[in-house]
Amino acid sequence: MEAKITMTETWLRKHRLLYVGSTRHSFIHAIRDGNIDISAFKTWLGQDYIFVRAFVPFVASVLTKAWKGSNDRDNGVEVILGGVSALNDEISWFKKEASKWGVQLSDIVPQKANQEYCSFLESLTSPDVEYTVAIVAFWAIETVYQESFAHCLEDDSKTPPELEETCRRWGSQGFGEYCNSLRKIADRQLENASDDAITKAEATFLQVLEYEVEFWNMNHGGT
Ligand SMILES: Cc1ncc(CO)c(N)n1
């Protein structure tokens, strides 16, 4: 039987090196090997809190785009709504985790790589950006974290116990299933998209991977 290769599968194969670079970064290896410098972890925590706050209006804009196209019955509105709702809990989790580690969130200044990533997210909220492009970005952003943190939970990993909860937040099976749902929505959109939208979506996918690498670099081994 011949299995159909989806667009996201094609891209993951074509851009394998960059994808692996974003999901197997030295920051993630350091957590997995138990060598993580806690100050690098705290930097990540504070910076990611800022990122997640900027992520909320982006995800809300994806929801709006899905909603507008909702004459198409099964286009992902409910999955994305679940994502919006999970972000509420995520913001609370960041606050709790920050106080556990003594990180003062009100004092955090976004670093350059984070600012640039947040501006990119903001640019994707424009009504000129098609739903197909936005949902691909959303899927890629979530998936990089899923693949990265799941790696820290594998049987042979030496992740410090105090970081396991963080890893489970994105590395759990539940989050993995959510990413798969996003991927299916993205592939379904791509099947019906114009060549122009597909080209833009692929470029956006690559940009996400590059921003993710820069984000990891900012916490670990970057400049
Ligand atoms: C930088 C970054 N990428 C992806 C996610 C997943 O939501 C996150 N929290 N932060």
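Order of listing sets the numbers, starting from 1, for every ligand and every atom in it.
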- [ ] May I ask you to check whether Tyr117 has an N/O atom sitting below 3.5 Å from an N/O atom of ligand 1?
- [x]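 In fact, backbone or side chain, Tyr117 has no N or O that close.
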Open item on the list: Below 3.5 Å, N or O to N or O, backbone or side chain included: is there any such pair between Tyr145 and ligand 1?
Closed with: yes
Check each atom of ligand 1 against the heavy atoms of [X] and keep those under 4.0 Å away; list them by number with element.
X      : answer
Val52  : 9 (N)
Glu212 : 1 (C), 2 (C), 3 (N), 4 (C)
Glu142 : 6 (C), 7 (O)

Pairwise side-chain contact, [X] with [Y], heavy-atom cut-off 4.5 Å (strictly under):
X      : Y     : value
Met218 : Gln47 : yes
Gln146 : Thr23 : no
Ile141 : Phe58 : yes

Task: Heavy-atom gap Asp48 to ligand 1 smaller than 4.0 Å - done: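 Asp48 counts as a contact of ligand 1 under the 4.0 Å cut-off.
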- [ ] Take every heavy atom of Trp170, measure it against each atom of ligand 1, and state whether any distance is under 4.0 Å.
- [x]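 The answer is yes, since Trp170 has a heavy atom less than 4.0 Å from ligand 1.
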TODO: Grab the two heavy atoms, one from Cys179 and one from Thr143, that are nearest each other, plus how far apart they are.
DONE: CB-OG1, 3.8 Å
Task: Aromatic ring pairing Trp44/Phe41, orientation class (parallel under 30°, perpendicular over 60°, tilted between) - done: tilted
Task: Whether Tyr145 and Trp216 hold their rings parallel, tilted or perpendicular, with breakpoints at 30° and 60° - done: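 Ring orientation of Tyr145 relative to Trp216: parallel.
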